[in-house]
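Computed over heavy atoms, backbone and side chain alike; hydrogens, waters and symmetry mates excluded. In what follows, chains are A, B, ... by sequence order, proteins preceding strands, each numbered from 1.
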Amino acid sequence: MLKPLADRVVLRVKEEEEKTVGGIVLTSAAQEKPRTAEVVAVGAGKRNEEGNLIPLEVKVGDTVIFSEYGGSKVKVEGEEFLITHESDLLAIL
Amino acid sequence: MLKPLADRVVLRVKEEEEKTVGGIVLTSAAQEKPRTAEVVAVGAGKRNEEGNLIPLEVKVGDTVIFSEYGGSKVKVEGEEFLITHESDLLAIL
Amino acid sequence: MLKPLADRVVLRVKEEEEKTVGGIVLTSAAQEKPRTAEVVAVGAGKRNEEGNLIPLEVKVGDTVIFSEYGGSKVKVEGEEFLITHESDLLAIL
Amino acid sequence: MLKPLADRVVLRVKEEEEKTVGGIVLTSAAQEKPRTAEVVAVGAGKRNEEGNLIPLEVKVGDTVIFSEYGGSKVKVEGEEFLITHESDLLAIL
Amino acid sequence: MLKPLADRVVLRVKEEEEKTVGGIVLTSAAQEKPRTAEVVAVGAGKRNEEGNLIPLEVKVGDTVIFSEYGGSKVKVEGEEFLITHESDLLAIL
Amino acid sequence: MLKPLADRVVLRVKEEEEKTVGGIVLTSAAQEKPRTAEVVAVGAGKRNEEGNLIPLEVKVGDTVIFSEYGGSKVKVEGEEFLITHESDLLAIL
Amino acid sequence: MLKPLADRVVLRVKEEEEKTVGGIVLTSAAQEKPRTAEVVAVGAGKRNEEGNLIPLEVKVGDTVIFSEYGGSKVKVEGEEFLITHESDLLAIL
């Protein structure tokens, strides 16, 4: 499986139905469309100025809302994933 | 309920009546329209350079004035919320 | 009353007469017009990199000169106030 | 062999077949095409603010996914390599 | 009198004669015209990252050369002053 | 001889033959053409935030690959040199 | 004489002859023309994040090569000087 680097995460993006789990519908004032996804892998974290590794806040299995602004799409064995930075994630559902 | 990440907050935005609670009417010199809202969830905070978590200044239940510049709108079970950074909040009413 | 967040202040802006208190007349080389105002509320301050809260330099009751560049206007019970960052304030009169 | 400086790595870029090792197919929302490559050399790392050398996360021999945005191509004895910063690498396969 | 905030100074700008005190004539390669002025008030200084106040280098009474790039003009009891940051000052005469 | 300041180096740039020492041929995805050169002088290094001098990674006599993006050309006794920052150097050959 | 502030230096710029002292002829890949000059005054230095004063690397009397990009020209008793930051200096001759 993919091991994301630094403060990145690998997301399994959920299809955009009107009613998603927990009844979330997303529109965005800032053009980019927020989406929901499942976290399938998390990076080891980013180093702060003193060189200490700062772990990520989200865990594997969390369902998150994220802004679809950046990120790279990757297909592994036919399934599509998105690799993005934790800072692009807005909230945990 | 939504758990905002890092220094973000979830706001229940109040309708824009001329007279709001406490008689607040907002206009903005810097184009973006300040609005009022209730804080319904707060993130765990942002890490400073030494890796320590810095808690947010606002609490759940506070009524705040915020500049409507950024943020992502989310509908949960039919009700609309705004997820934004604490730095977009101007004052507590 | 408004409680400004972080390093913001709430100002009661003084009308622009030719002769203001202390005989101040303001013109600005950098387009934005400096104005005078009374400080009616100050934030708790901003956190430095180590997470310590750094109090503001101005106090409630000070008369200040500020550049009218940024800030959000707010009307509370019919009276207009300006919420802006302390860094927009130039001097205490 | 090439010894990359600071936080750079030397990559042997893999040809872009539909099916790569581990079945990876890459497309990118952010225009630049993610690619896969083998890490053939790693730099000593970057110094943090305190002057300590922070080693890289990837090792020689890792297969990585990277965004083809930056980097310099170098031919050594007829074989092409890419020199780029670790921050351009997305994940380890 | 004006009390400048943070790392600002209040300057009494000298008229631009060909021959100024000490025979200084200023032209600037970078468009903005260097001028000379007397320092009439200095701020308490700026806080560094650890929160300590760093005093200014110039003193009241110094004659300085400064680049006329930024700053706000203020008239107090008919006399014009310039409020600017210490970083806009080039040298002490 | 030239003593470069801070984190700069002085390079004797090698002519661009198809086959250079070690068989290096350079092309660059990012427009600027990587070149090879010999390091003839190195600066004392840059100070980190704590004021400590951080020595450079390259040594006099190293052959390096560098991106020809910045730098200033200098002729000393008829021979041309390039003065550039260590951060413009990609790898040691 | 001029006392430059912070990390600035005062330079007596040398005329641009083909053959300068030590046979230096300067051309610049980055448009701005490198020049040579004598250092006639140095500032007390810049403060690092901890507030400590970091002395400059160059001394009065050094002959330096500098990029003519920024800086302000000043005439003192008929003689022209350039006030610029130490970071604009490339090397000591």
Side-chain angles (χ1 to χ4, degrees), chain D residues 1-16 26 28 30-37 39-56 58 60 66-89, chain F residues 6-9 11 14 16-39 42-71 84-93:
Chain D
M1 187 47 206
L2 293 174
K3 176 177 175 295
L5 286 165
D7 66 337
R8 292 182 181 83
V9 293
V10 177
L11 304 177
R12 178 179 289 122
V13 182
K14 294 182 190 270
E15 282 326 307
E16 275 200 54
L26 310 171
S28 165
Q31 294 80 30
E32 100 287 8
K33 247 173 0 61
R35 297 284 303 275
T36 60
V39 177
V40 297
V42 295
K46 220 160 118 176
R47 289 193 187 277
N48 69 2
E49 290 210 339
E50 321 226 326
N52 307 321
L53 212 54
I54 307 291
L56 272 59
V58 296
V60 170
F66 69 99
S67 63
E68 228 200 314
Y69 195 63
S72 294
K73 285 182 190 154
V74 176
K75 259 197 188 147
V76 180
E77 279 123 29
E79 193 180 4
E80 187 163 277
F81 295 95
L82 187 71
I83 307 178
T84 190
H85 290 278
E86 184 183 48
S87 52
D88 289 335
L89 308 185
Chain F
D7 66 338
R8 291 182 182 83
V9 295
L11 303 177
K14 294 183 189 269
E16 273 200 55
E17 307 120 19
E18 187 55 27
K19 272 258 160 285
T20 60
V21 76
I24 304 300
V25 174
L26 310 171
T27 62
S28 165
Q31 295 80 30
E32 101 287 10
K33 246 173 359 61
R35 298 284 303 275
T36 59
E38 184 200 348
V39 176
V42 295
K46 221 160 121 177
R47 289 192 187 276
N48 69 2
E49 290 210 337
E50 321 226 325
N52 308 321
L53 211 55
I54 307 292
L56 272 58
E57 202 175 335
V58 296
K59 305 276 170 288
V60 171
D62 282 345
T63 300
V64 292
I65 298 178
F66 68 100
S67 63
E68 229 201 312
Y69 195 62
T84 190
H85 290 279
E86 184 182 47
S87 51
D88 290 334
L89 308 184
L90 305 177
I92 298 172
L93 266 172

Chain D heavy atoms under 4.5 Å from F/Ile54: which part of the residue, side chain, backbone, both or neither?
side chain

For a side chain to side chain contact (heavy atoms under 4.5 Å, CB included) with F/Leu90, tell me which candidate from D/Ile83, D/Leu2, D/Leu5, D/Val74 qualifies.
D/Ile83

Taken to the nearest 0.5 Å, the spacing of F/Ser87 OG from D/Arg8 CZ works out to 7.5 Å

Check D/Pro4 against F/Ala91 and note the closest heavy-atom contact, atom names and distance.
CA-CB, 3.8 Å

Sequence neighbours left out, what passes salt bridge (charged side-chain N to carboxylate O under 4.0 Å, His left out) with F/Glu57? Give chain and number order.
D/Lys3

In chain order, what residues pass the side-chain hydrogen bond (donor to acceptor under 3.5 Å, both in side chains) check against D/Asp7, with sequence neighbours excluded?
D/His85

